[in-house]
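One structure is given below, encoded as structure tokens.
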Amino acid sequence: SIQAPQRRAAIEARLQTRLAQSVALAPPVLSAMRRGLSLMWLSLPLLIDAGLRHRQGQQGTTYYLDQLHGRDRHNGQSPTTAFGSSAYAVRMLRPGDTLRIMGELRNPSFNASYTFAGDVANPQLWHSEHTLALSETHGREGAWITITSHNASTVIRCDGNAGVRLMSSTYIRLEGLKVEGQNSRITHEMAKALQYVYKDHGHVRYRI
């Protein structure tokens with residue numbers, strides 16, 4: 001790695017070269033730029049040192065998500081100021097951050113009391129929601145994004161497309177998450193009625 005004095009010398013050499021090449025500038029302008037270059041070094045080593053320390057020991061932020069009691073207007077940085085929606089919480093995540101999910105997390109149209117009554121076109125059967133979705137969300141080497149349970153009461157429930165879906169995302173760590181679908185509520189009659197059904201441009205059709 002390049003130490004601060006070496007980096008300073010390299011940057012100064014490049015800047016001096018550029019100044020020497022700026023023959024179209026009037027002499028007073030060149031003089032002022034050179035004075036500015038000298039003054040710049042009073043702060044540049046401090047900025048370089050701070051940047052090195054940040055990269056060597058980056059500490060991410062821990063956020064909390066509580067769908068029942070949280071609000072997206074909160075700062076999300078404590079259980080009592082948790083975010084309220086998974087979409088907003090995910091947008092806030094940066095490399096090194098941790099998201100702790102509290103209590104139950106459900107997809108928006110989740111309906112625990114839904115019972116199949118023979119209507120194969122019921123919208124509840126066809127919505128494609130995800131409970132927790134990450135797309136183009138990136139940590140980096142040495143600064144993974146972690147999504148985990150806050151405690152044993154945390155559960156992700158889904159009656160849509162996926163409980164957890166990751167797309168085009170990197171350096172994501174999922175830890176201790178309990179994900180529950182609705183298999184226990186699918187009766188033999190329901191499975192039989194839907195086994196050949198699909199939707200085409202919003203219309204229910206049957207495979208023959």
Side-chain angles (χ1 to χ4, degrees), residues 58-117 119-195 197-199:
Q58 177 177 348
Q59 297 295 322
T61 301
T62 296
Y63 292 108
Y64 296 82
L65 170 59
D66 184 345
Q67 192 178 53
L68 182 60
H69 302 291
R71 298 290 183 272
D72 287 344
R73 66 175 181 268
H74 293 166
N75 66 18
Q77 297 182 26
S78 74
T80 57
T81 59
F83 295 134
S85 71
S86 61
Y88 186 85
V90 166
R91 286 199 300 270
M92 295 296 294
L93 295 175
R94 299 295 180 268
D97 288 350
T98 296
L99 177 63
R100 301 184 66 87
I101 300 174
M102 304 173 63
E104 287 194 2
L105 182 64
R106 303 179 173 189
N107 56 282
S109 298
F110 185 89
N111 184 356
S113 62
Y114 171 76
T115 301
F116 180 69
D119 181 7
V120 297
N122 191 306
Q124 190 66 30
L125 297 171
W126 297 102
H127 72 76
S128 57
E129 297 169 352
H130 313 298
T131 305
L132 178 65
L134 289 83
S135 178
E136 297 291 345
T137 303
H138 302 281
R140 62 170 177 263
E141 186 175 359
W144 289 61
I145 291 174
T146 301
I147 300 177
T148 187
S149 300
H150 181 59
N151 54 36
S153 69
T154 299
V155 59
I156 296 174
R157 300 192 190 279
C158 178
D159 64 1
N161 198 342
V164 179
R165 185 173 188 182
L166 278 71
M167 295 185 62
S168 302
S169 299
T170 57
Y171 293 100
I172 306 296
R173 179 185 291 116
L174 305 178
E175 290 184 345
L177 295 177
K178 180 181 180 181
V179 183
E180 292 186 357
Q182 298 301 300
N183 291 2
S184 62
R185 293 168 53 203
I186 299 176
T187 63
H188 176 74
E189 290 75 16
M190 180 179 179
K192 186 177 179 180
L194 295 171
Q195 63 179 329
V197 178
Y198 69 100
K199 265 198 170 184

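Positions are given from 1 along the sequence.
- Side chain of T81 to backbone of N75: no donor-acceptor contact under 3.5 angstrom is found.
- Annotation: salt bridge (Lys or Arg N to Asp or Glu O under 4.0 Å) contacts of E141 (sequence neighbours excluded): none.
- With N107 contributing its side chain and H130 its backbone, the two residues share no donor-acceptor pair below 3.5 Å.
- In this structure, the separation between CE on M102 and CG on N151 is 7.0 Å, given to the nearest 0.5 Å.
- When the salt bridge (Lys or Arg N to Asp or Glu O under 4.0 Å) test is applied to R91, no partner is found at least two apart in sequence or on another chain.
- Checked against side-chain hydrogen bond (donor to acceptor under 3.5 Å, both in side chains), T187 has no partners two or more places apart in sequence or in another chain.
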Give the C-alpha distance, both sets of side-chain angles, the deciding distance and a yes or no for side-chain contact (heavy atoms from CB on, under 4.5 Å) between S86 and T131. CA-CA 8 Å; S86 61; T131 305; 5.9 Å; no
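- Formation of a donor-acceptor pair under 3.5 Å by the T154 side chain with backbone atoms of A152 is not found in this model.
- Each ring-ring contact (aromatic ring centres under 6.0 Å, His included) pair with one or both residues in residues 144-165, not counting sequence neighbours, appears once here: Y64-H150, W144-Y171.
- One finds the CD1 atom of I172 at 8.0 Å from the NE2 atom of H138 (value rounded to the nearest 0.5 Å).
- A donor-acceptor pair is defined here as one N or O able to donate and one able to accept, closer than 3.5 Å; such a pair exists between the side chain of W126 and the backbone of V120.
- Between the side chain of E129 and the backbone N or O of S109, at least one donor-acceptor pair lies under 3.5 Å.
- A 4.5 Å side-chain heavy-atom check between V164 and I147 finds every atom pair outside the cut-off.
- The salt bridge (Lys or Arg N to Asp or Glu O under 4.0 Å) search around K178 returns E180, not counting sequence neighbours.
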May I have the step-by-step check of side-chain contact (heavy atoms from CB on, under 4.5 Å) for M190 and L125, ending in yes or no? CA-CA 11 Å; M190 180 179 179; L125 297 171; 3.4 Å; yes
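- Rounding to the nearest 0.5 Å gives a distance of 11.5 Å between OG of S85 and CG of D66.
- Here the CG atom belonging to D72 is positioned 9.5 Å from the CE atom belonging to M92, to the nearest 0.5 angstrom.
- In this structure, a donor-acceptor pair under 3.5 Å is present between the side chains of S113 and N111.
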Decide side-chain contact (heavy atoms from CB on, under 4.5 Å) for D159 and H127; before the verdict, give the C-alpha distance in whole Å, the side-chain angles of both, and the deciding distance to 0.1 Å. CA-CA 9 Å; D159 64 1; H127 72 76; 3.1 Å; yes
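- Proximity of a side-chain donor or acceptor of T98 to a complementary backbone N or O of T62 within less than 3.5 Å is not detected.
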Let's go through I101 and L132 carefully: what are the C-alpha distance in whole Å and the side-chain angles of both, what is the deciding distance for side-chain contact (heavy atoms from CB on, under 4.5 Å) to 0.1 Å, and is it a yes or a no? CA-CA 10 Å; I101 300 174; L132 178 65; 4.1 Å; yes
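- Under a 3.5 Å cut-off, the side chain of D97 and the backbone N or O of T61 do form a donor-acceptor pair.
- Scanning for ring-ring contact (aromatic ring centres under 6.0 Å, His included) contacts around Y63 gives F83, with sequence neighbours left out.
- Considering L166, L134, T148 as possible partners of L174, the one that fulfils the side chain to side chain contact (heavy atoms under 4.5 Å, CB included) test is L166.
- Here the side chain of Q67 pairs a donor or acceptor atom with the backbone of R106 at under 3.5 angstrom.
- A donor-acceptor contact shorter than 3.5 Å is absent between the side chain of N122 and the backbone of F116.
- We find the CZ-SG distance between R165 and C158 to be 11.0 Å, quoted to the nearest 0.5 Å.
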